[in-house]
Amino acid sequence: MSEVACRALPVLSRGFYDRPVQLVARELLGKWLFREWAPGVLLGGRIVEAEAYLAENDSANHAFRGRTRRNASMFGPPGHAYVYAIHTRYCLNVVTEAEGVPSAVLIRALEPLSGVETMQQLRGACPLRELARGPGKLCQALGIDRRLDGWDLTLGQTLWLADSADAISADRILVGPRIGVTSAKELPLRFFLANCPFVSGHRRGLPLSASPHSRP
DNA sequence: AAAACGATCTACT
DNA sequence: GTAGATCGTTTTG
């Protein structure tokens, strides 16, 4: 996809994020994530995997025990980034729901579609299917680090999300438990595309219609 | 000041 | 499947 065509896609607005976090996580599948790495260099692709972290009764949420310096972005307005470090990597979340309500969606994997050569340089030579498969790899491929924590994703600059030209049909969406969490691991809050080679971790899941938790 | 903890990843069996 | 690397952040003393 050309840079001109990418920039023509409508930027997701504040209202998209100001809704229940599970709904946002599910609807993020198929949306574009863009990173302007350098003037004229757009990195990104379409989201194929995302996890919701609830503001209430979710002990896996970084904000479960209240506000700290690290998680402050989660308490801000919706539509901003929450970027944190884990081990030697970073993870990108989008903040949802009203200001003061610390819910967010972890972006776990992308289908790489723009700036692939630059992303391969940032990741080190690796197959296309491993370029952004996993939240840490995704951030490495897009050059995302803690400096982008708190970034306003509705500006359409530097880091933003955009609607795709064609939507994902509901029957391609599967739901399952989140990956890597040590508590509240049973909650079906991970949304991903069926039969997608760019999805990370476990590929098995239930159809959206079969999981009551997935229907806000 | 020290200890403990991962929303991860890679390598290996 | 499991083990271990590795380090910023949080918690504890």
Side-chain angles (χ1 to χ4, degrees), chain A residues 17 20-26 28-29 31 33 47-76 78 80-97 101-110 112 119-151 153 159 161 174-193 197-205 211 213-214:
Chain A
Y17 303 100
V21 62
Q22 288 136 298
L23 182 62
V24 175
R26 181 223 294 178
L28 277 174
L29 296 181
K31 298 291 192 289
L33 174 64
I47 295 169
V48 298
E49 182 182 0
E51 288 178 354
Y53 286 83
L54 311 181
E56 300 292 337
N57 299 319
D58 183 2
S59 51
N61 188 328
H62 281 180
F64 184 64
R65 288 173 181 82
R67 182 174 181 154
T68 64
R69 163 124 74 285
R70 176 175 66 160
N71 66 25
S73 297
M74 291 187 73
F75 291 82
H80 289 245
Y82 167 45
V83 181
Y84 68 89
I86 185 168
H87 301 292
T88 59
R89 307 301 187 106
Y90 297 93
C91 293
L92 169 68
N93 303 251
V94 303
V95 177
T96 61
E97 305 189 35
V101 180
S103 62
V105 178
L106 172 68
I107 310 300
R108 286 194 57 93
L110 289 186
M119 292 194 286
Q120 281 173 327
Q121 287 176 3
L122 287 165
R123 282 272 294 129
C126 78
L128 185 67
R129 70 172 40 191
E130 291 178 18
L131 203 48
R133 192 173 69 178
K137 294 172 180 173
L138 183 156
C139 283
Q140 189 180 22
L142 298 190
I144 293 169
D145 61 27
R146 268 233 97 195
R147 291 174 297 191
L148 283 169
D149 180 52
W151 184 262
L153 300 167
L159 182 66
L161 289 91
L174 300 182
V175 194
R178 294 173 297 191
I179 294 185
V181 300
T182 59
S183 55
K185 57 168 45 178
E186 75 286 355
L187 299 175
L189 294 172
R190 171 175 175 249
F191 300 85
F192 59 103
L193 294 190
F198 304 103
V199 165
S200 79
H202 306 285
R203 310 298 179 88
R204 295 197 53 167
S211 173
H213 282 281
S214 64

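Chain letters run A, B, ... following the sequence lines, proteins first and then strands; every chain starts at 1. Computed over heavy atoms, backbone and side chain alike; hydrogens, waters and symmetry mates excluded.
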Return the value, rounded to whole Å, for the distance between atom [atom1] of [X] and atom [atom2] of [N].
{"X": "A:H202", "N": "C:dT2", "atom1": "NE2", "atom2": "P", "result": "10 Å"}
{"X": "A:Y90", "N": "C:dT6", "atom1": "OH", "atom2": "P", "result": "16 Å"}
{"X": "A:I86", "N": "C:dT10", "atom1": "CD1", "atom2": "P", "result": "13 Å"}
{"X": "A:R89", "N": "C:dG8", "atom1": "CZ", "atom2": "P", "result": "14 Å"}
{"X": "A:F64", "N": "C:dT10", "atom1": "CZ", "atom2": "C1'", "result": "16 Å"}
{"X": "A:N71", "N": "C:dT11", "atom1": "CG", "atom2": "C1'", "result": "14 Å"}

Please examine the side chains of [Y] and [X], heavy atoms only from C-beta on, and report whether any two atoms are closer than 4.5 Å.
{"X": "A:V199", "Y": "A:R190", "result": "yes"}
{"X": "A:Y82", "Y": "A:R70", "result": "yes"}
{"X": "A:L131", "Y": "A:K137", "result": "no"}

Give me the one residue out of A:Y84, A:F75, A:Y53 that meets ring-ring contact (aromatic ring centres under 6.0 Å, His included) with A:H62.
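Of the listed options, the one satisfying the test is A:Y84.
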
Identify the residue among A:E130, A:E49, A:R129 that makes a side-chain contact (heavy atoms from CB on, under 4.5 Å) with A:F198.
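Of the listed residues A:E130, A:E49, A:R129, the side-chain contact (heavy atoms from CB on, under 4.5 Å) partner of A:F198 is A:R129.
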
Taking [Y]'s backbone N and O only, do any of them form a donor-acceptor pair with [X]'s side chain (distance below 3.5 Å, no angle check)?
{"X": "A:E51", "Y": "A:I179", "result": "yes"}
{"X": "A:N71", "Y": "A:T68", "result": "yes"}
{"X": "A:E97", "Y": "A:V21", "result": "yes"}

Reported NE2-to-CZ distance for the pair A:H202 and A:F192, which is rounded to 0.5 angstrom:
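If we round to the nearest 0.5 Å, A:H202:NE2 and A:F192:CZ are 10.0 Å apart.
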
Which two nucleotides bound the region of DNA chain B that has atoms under 4.0 Å from heavy atoms of chain A, read 5' to 3'?
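With heavy atoms of chain A under 4.0 Å away, the range is B:dG6 to B:dT10.
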
Could you pick out which residue, A:S183 or A:R123, lies toward the 5' side of DNA chain B when each is mapped onto its nearest nucleotide?
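It is A:S183, whose closest nucleotide lies nearer the 5' terminus.
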
Taking only side-chain nitrogens and oxygens of A:T68, does any of them come within less than 4.0 Å of OP1 or OP2 of C:dT10?
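Yes, A:T68 has a side-chain N/O under 4.0 Å of OP1/OP2 on C:dT10.
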
Using a 4.0 Å heavy-atom cut-off, does A:R70 contact any base of the nucleic acid, only the sugar-phosphate backbone, or nothing at all?
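Sugar-phosphate: the residue A:R70, judged by heavy atoms under 4.0 Å, touches backbone atoms but no base.
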
Treating a pair as Watson-Crick (purine N1 to pyrimidine N3 plus N6-O4 or O6-N4) or G-U wobble (N1-O2 and O6-N3) with both distances under 3.5 Å, list the stems of 3 or more consecutive pairs that involve DNA chain C.
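Stem segments, range with range: B:1-6 with C:7-12, B:8-12 with C:1-5.
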
